[in-house]
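Heads up: the structure comes next, in structure tokens.
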Amino acid sequence: MERFIQRHQPSVTGVLSGFDRVRFRGTLRLIANERGLGALLGYLGVLLKDFKDYAMSLSERLKAASLAVAEAAGRPVRYLASALTCKEELARRIASEDRIGSGLICVLTAVEPCRSFHVRRDPGQKKLVLESSWRKCLHLYHYHVHPVLGFMHARVQSWFPFNVHVCINGREWLARRMDRAGLAYRRRENCFTHLADPTEAQRLFDEQLITDFAAMLDGIVPLVHPADRQMFPRRPVDRYWSADETEWASDVMFKDHATLAALYPRLIRHGMQNLASRDVLRFLGRKVPASPGGGGGGGGVHGNFTGEVVSDLKCRPEGLRIKHRVNANSIKMYDKQGSVLRVETTINDTRQFKVFRTPAGKPAAKPSWQKMRKGVADLHRRARVSQAANGRYLDAMADVEDMTPLRRLVEPLCRGVNFKGRPVRALNPLSPADAALLAHVARGEFTLNGFRNRDLRALLFPTHSSDPAEQRRRGGKITRLLRLLRAHGLIHKIPKTHRYQLTRRGRTTITALLAAREADIVKLAA
């Protein structure tokens, strides 16, 4: 994102990147599926006909122990009958009214859907079987002001398989870390509008990535689920911690509200009008074809991609936000507290990304690129992937606010030049032929892997010819056009390949020229 920061350097006071909201899940993997739970019930001598009573007894024990924590601390327990009630707002209001600076704030209970188990009779097998399905059960939300994590909550599922979710906010964590370090800052909600030392604040933020998350989360479970280790005394079960959802936010802090307010509408317009599906896929690390259609007729989307890419706008209390989704993952941009531009990558489906590690179950094998896991072991890699996505997005936004006059970009193109000792003609960006050439080389599917002679040939000569002489003539013409673009510094050849890519100057110049060609007289006059 350096290009975006350099472009707006006089107006930017600092940049901060790190986790925003992270939702962890602690799973008792042994009983998270029918086979494992069946094996445990067999080990404990619990018959399937007695499963309901056995499960109810464990559930009652869990709820009694969990609610006893609130009673011992003298904190309220409230049942929420409506799913429309915002639990976080209610908990913050209780904390404010009761002036809770540390410890338990309250326990909120609600009946919500969950994945659980039940026993049914199978007519085909003529016996009882254990089956997993969506059900509803009571969940207990413990809201705390943690000494390290700050405001956070843990949700305990009161029915098999007794999952525990812990939701934290990285900015809350950082605020307490800066307090201990004596670092001054201004904060509004989960956003820092000013940092006395942005470099030191980022260093403290980066310490989160070396945290032993499994040990930290194991320490939270007894606070909300005291009966955890006593549920299965004859066969203790450890929890496997995964990150169900992570939000990694990059905040660009502007010196005042007016500067960002003038820039932000242009960024939104650029995001909706100029970022195509293939751009969004590239931001989120997906493969983008180097040739039109990717061999699968996808119009610039890889032939193996079967999902959905969606971009939309939404009015929030703070203002307008733009969001791009690729299946379950997304990247969005919005303004926070008037003077902070936030770009945020949310990852729910980690298997869309890769991590360099030893294959699971093969400790002696050589490390290789494997699908990313949700487990906290791959959380550091997830942070790097998210930061790279934010950087690519802000880099795309760097082309929006360029105060260079158009004539300074165009005039050099309108003069003949010498390239490797031979004269090369001038470009005429407003002519149909040269404008089409510029539009083709700037296509989004060429951004990642570049383009070849044959790629441009398919675009400039859409009708196929089987005549070898005609094919050579077309190939020769494309070669001369590539030489023309290289001579004017708009493209460069990728070493040891037959591919070409736009230079930074080329992307900026062509973007401006294409926008000028499409602008009406009113816009140009303005």
Side-chain angles (χ1 to χ4, degrees), residues 21-28 31 55-116 135-173 175-176 189-190 213 215-232 237 239 241-245:
R21 191 173 70 96
V22 184
R23 180 163 55 85
F24 296 100
R25 180 178 65 185
T27 308
L28 300 175
I31 60 174
M56 286 293 293
S57 66
L58 289 182
S59 180
E60 293 302 321
R61 186 191 308 175
L62 182 155
K63 288 186 284 188
S66 186
L67 294 176
V69 174
E71 183 178 356
R75 301 308 306 150
V77 177
R78 296 190 184 181
Y79 173 74
L80 304 181
S82 173
L84 300 178
T85 303
C86 180
K87 301 178 183 67
E88 181 173 332
E89 289 182 3
L90 177 58
R92 288 189 181 277
R93 185 163 67 247
I94 293 174
S96 177
E97 293 172 352
D98 297 350
R99 298 181 180 179
I100 303 298
S102 62
L104 181 65
I105 299 172
C106 63
V107 177
L108 307 179
T109 63
V111 175
E112 297 175 341
C114 67
R115 196 77 186 179
S116 188
R135 306 189 68 188
K136 287 185 177 182
C137 78
L138 189 73
H139 290 75
L140 302 98
Y141 288 78
H142 288 246
Y143 280 86
H144 280 259
V145 179
H146 193 274
V148 175
L149 303 176
F151 183 87
M152 49 80 64
H153 78 265
R155 184 185 74 170
V156 184
Q157 180 177 322
S158 67
W159 196 264
F160 271 101
F162 307 114
N163 290 330
V164 174
H165 288 81
V166 177
C167 190
I168 68 172
N169 187 288
R171 265 62 181 176
E172 284 275 345
W173 189 347
R176 276 151 181 76
E189 297 181 358
N190 71 326
F213 285 98
M216 179 193 73
L217 295 167
D218 282 337
I220 293 175
V221 172
L223 302 177
V224 301
H225 183 6
D228 181 52
R229 304 306 295 181
Q230 290 76 45
M231 298 286 277
F232 310 102
V237 183
R239 291 192 178 274
W241 288 101
S242 57
D244 261 5
E245 179 182 24

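Sequential numbering from 1 along the given sequence is applied to the chain's residues.
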Notebook entry, point to check: Between V69 and V224, does a side chain to side chain contact (heavy atoms under 4.5 Å, CB included) hold up when you go through it step by step?
Noted result: CA-CA 7 Å; V69 174; V224 301; over 6 Å; no
Notebook entry, point to check: Do S158 and K63 have side-chain heavy atoms sitting under 4.5 Å apart?
Noted result: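 Contact flag for S158/K63 side chains = yes.
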Of all residues at least two apart in sequence or in a different chain, which pass the side-chain hydrogen bond (donor to acceptor under 3.5 Å, both in side chains) check with [X]?
X: R78; answer: none
X: R92; answer: E88
X: R135; answer: none
X: H144; answer: none

Next item on the list: Write out all pairs satisfying side chain to side chain donor-acceptor pair (under 3.5 Å) with one or both partners inside residues 93-106, taking only residues at least two apart or from two chains.
Entry: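 Residue pairs with at least one partner in residues 93-106: R75-D98.
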Checklist line | Residue among I220, V145, N169 satisfying side chain to side chain contact (heavy atoms under 4.5 Å, CB included) with M152 | finding: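 So, applying the side chain to side chain contact (heavy atoms under 4.5 Å, CB included) to M152 and each of I220, V145, N169, only I220 qualifies.
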Check: Pick one: which of C114, P113, S59, S116 meets side chain to side chain contact (heavy atoms under 4.5 Å, CB included) with C137?
Finding: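 Of C114, P113, S59, S116, side chain to side chain contact (heavy atoms under 4.5 Å, CB included) with C137 is met by C114 alone.
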Notebook entry, point to check: So which pairs with a foot in residues 143-171 pass salt bridge (Lys or Arg N to Asp or Glu O under 4.0 Å), sequence neighbours left out?
Noted result: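 As it turns out, the salt bridge (Lys or Arg N to Asp or Glu O under 4.0 Å) pairs with a partner in residues 143-171, which skip direct neighbours, are E112-R155, R171-D251.
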Check: Relative to the ring of F213, is the ring of W173 parallel (under 30°), tilted (30 to 60°) or perpendicular (over 60°)?
Finding: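 Perpendicular: the ring planes of W173 and F213 meet at over 60°.
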Item checked: R239 side-chain N/O to R25 backbone N/O, donor-acceptor pair under 3.5 Å ->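 No, because the side chain of R239 does not come within donor-acceptor range (under 3.5 Å) of the backbone of R25.
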